[in-house]
Trainee: 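Please see the structure below; I have some questions.
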Number of protein chains: 2
Amino acid sequence: MDGTKKLEKARERIIETIAQNIHLYGLTPSAGRQYGTMFFHNEPLTLDDMTEELGMSKTSMSTSVRALSDLKLVERAWKRGVRKDLYQVSEDWYQSFIDLFSIKWRKSVSQHSGAIRKSLAELDELMNDPAISEELKSEVMIDIDKLQYMRAYYEWLDRLIDAFEDHDIFDLVPIRNLQKDSSDKSK
Amino acid sequence: MDGTKKLEKARERIIETIAQNIHLYGLTPSAGRQYGTMFFHNEPLTLDDMTEELGMSKTSMSTSVRALSDLKLVERAWKRGVRKDLYQVSEDWYQSFIDLFSIKWRKSVSQHSGAIRKSLAELDELMNDPAISEELKSEVMIDIDKLQYMRAYYEWLDRLIDAFEDHDIFDLVPIRNLQKDSSDKSK
DNA sequence: TTGTTTGTACAGAAAAAACCGTTCAAACTA
DNA sequence: TAGTTTGAACGGTTTTTTCTGTACAAACAA
């Protein structure tokens with residue numbers, strides 16, 4: 001088999017695996033393929049480059065590169081004399097993992113916390129209403145407990161994301177920069 | 001406003017918030033609504049109960065309760081004399097968060113690790129091929145570096161998931177069981 | 001055994017999304 | 001200024017996903 005073909009095949013396997021797993025970041029396989037393609041390119045790419053590489057429309061490239069940018073999986077690059085926007089994958093994958101939580105999960109925590117606060121206030125009000133049956137009150141009490149549990153959980157999630165952002169997580173789970181020689185046959 | 005209505009409204013807000021955020025678990029809003037409904041029910045529910053509560057088909061209830069079960073967000077319950085399957089939400093949300101990683105992310109790590117191993121072996125072979133141009137070899141070298149970086153990253157992710165499963169994460173980010181009085185107005 | 005109940009497989013309908021071609025505004029060039 | 005180039009907004013089309021109703025197999029009841 002031709003050497004270039006072999007290299008291409010080895011890359012394709014990785015790209016396809018990325019495409020099949022990028023849903024964990026809430027992205028489509030197409031965006032994953034785009035990411036993978038950029039990953040193996042050693043130069044920043046323009047939208048037109050991507051159109052050519054992936055055989056998809058420029059519009060599609062534009063929208064999915066935006067989705068990738070929103071999650072900070074890719075970033076813009078500059079190159080003297082090039083007017084087109086250039087994009088390249090963010091180098092630090094650990095940071096990309098953290099960014100997922102900073103962006104998507106933090107937003108979710110915030111929405112939940114807001115909803116819980118509002119509902120808790122309403123139930124609180126309900127508890128102080130004298131025109132409410134004892135039976136209903138005991139139901140409300142149960143719900144208040146549940147919401148308090150939720151509130152504690154999201155507060156925990158919030159601190160977890162803090163621990164990611166502050167890189168405290170690397171104290172617990174250190175990055176091992178093995179750089180293991182690829183000819184090492186040991187298991 | 002009627003007390004029962006008010007309670008219902010407070011619940012609906014939470015349920016809808018869950019529905020809008022469950023995509024982080026790779027589930028549809030419908031499944032989220034189903035989860036939310038079960039969450040506020042103090043008794044396990046049957047598929048027929050859910051059909052009635054949510055106004056959707058039994059088939060839908062069956063498929064999405066399976067999706068929820070796969071992620072261990074809900075579990076089966078038993079009740080004397082009831083022949084129908086009963087389901088209830090898993091009580092421990094912290095564990096549910098961990099399960100997400102045990103199930104979905106671990107699988108992703110495994111797929112990636114496999115692909116990386118294969119591709120790395122191929123590139124290794126390519127490097128030892130004497131019939132390959134120097135130019136191509138330097139390209140291959142770059143890719144090997146990238147794959148080694150990936151390998152280290154997924155190995156880190158694997159250890160991170162271990163830290164979740166072993167509950168070591170709670171040493172770094174402890175669960176505060178505040179149980180703060182809901183009448184506390186401090187900010 | 002036969003009749004009933006329950007959960008799920010399957011195929012088609014409905015809804016949602018991904019994607020494309022065209023168009024347009026902004027930025028750059030001359 | 002006018003002419004290009006570029007990225008994205010907007011409708012319309014295609015593809016995918018979600019949901020439903022029917023049908024069926026397994027478990028239970030009598």
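Lettering follows sequence order; numbering is per chain, from 1.
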Trainee: Given ring-ring contact (aromatic ring centres under 6.0 Å, His included), test Phe97(B) with Trp105(A) step by step and report yes or no.
Mentor: CA-CA 12 Å; Phe97(B) 177 82; Trp105(A) 284 78; 5.5 Å; yes
Trainee: Closer than 4.0 angstrom, basic N to acidic O: yes or no for Arg106(A) and Asp158(A)?
Mentor: yes
Trainee: Among dT4(D), dC28(D), dG7(C), find the nucleotide with the atom closest to the side chain of Leu47(B).
Mentor: dG7(C)
Trainee: Should Lys72(B) and Ser96(B) count as side-chain neighbours, where that means a heavy-atom distance under 4.5 Å?
Mentor: no
Trainee: Assess the residue pair Trp93(B) and Phe39(B) against the criterion (ring-ring contact (aromatic ring centres under 6.0 Å, His included)); give the C-alpha distance rounded to whole Å, side-chain angles, the decisive distance to 0.1 Å, and a yes or no.
Mentor: CA-CA 11 Å; Trp93(B) 285 27; Phe39(B) 177 67; 5.2 Å; yes
Trainee: Taking the side chain of Ser30(A) as its heavy atoms from C-beta onward, which of dC19(D), dA8(D), dC19(C) lies nearest to it?
Mentor: dC19(C)
Trainee: Distance check needed: dA18(C) P versus Arg33(A) CZ, whole Å only.
Mentor: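 These atoms are roughly 13 Å apart.
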Trainee: Does Lys104(A) make a cation-pi contact with Tyr25(A), if we ask for NZ or CZ under 6.0 Å from the ring centre and within 45° of the axis?
Mentor: no
Trainee: Output the rounded distance in Å from CG (Leu86(A)) to P (dT6(D)).
Mentor: 11 Å
Trainee: In terms of side-chain geometry, is the basic nitrogen of Arg117(B) or Asp124(B) positioned less than 4.0 Å from the acidic oxygen of its partner?
Mentor: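 Salt bridge flag = no for Asp124(B) with Arg117(B).
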Trainee: Rounded to whole Å, how long is the line connecting atom CZ of Arg76(B) with atom C1' of dT6(C)?
Mentor: 11 Å
Trainee: Check DNA chain C against residues 48-75 of chain A and give the residues with a non-hydrogen atom under 4.0 Å, in numerical order.
Mentor: Met56(A), Ser57(A), Thr59(A), Ser60(A)
Trainee: Send over the distance from Lys84(A) NZ to dT29(C) C1', rounded to a whole Å.
Mentor: 16 Å
Trainee: Expressed in angstrom and rounded to an integer, what is the separation of Arg83(A) atom CZ from dT5(D) atom P?
Mentor: 8 Å
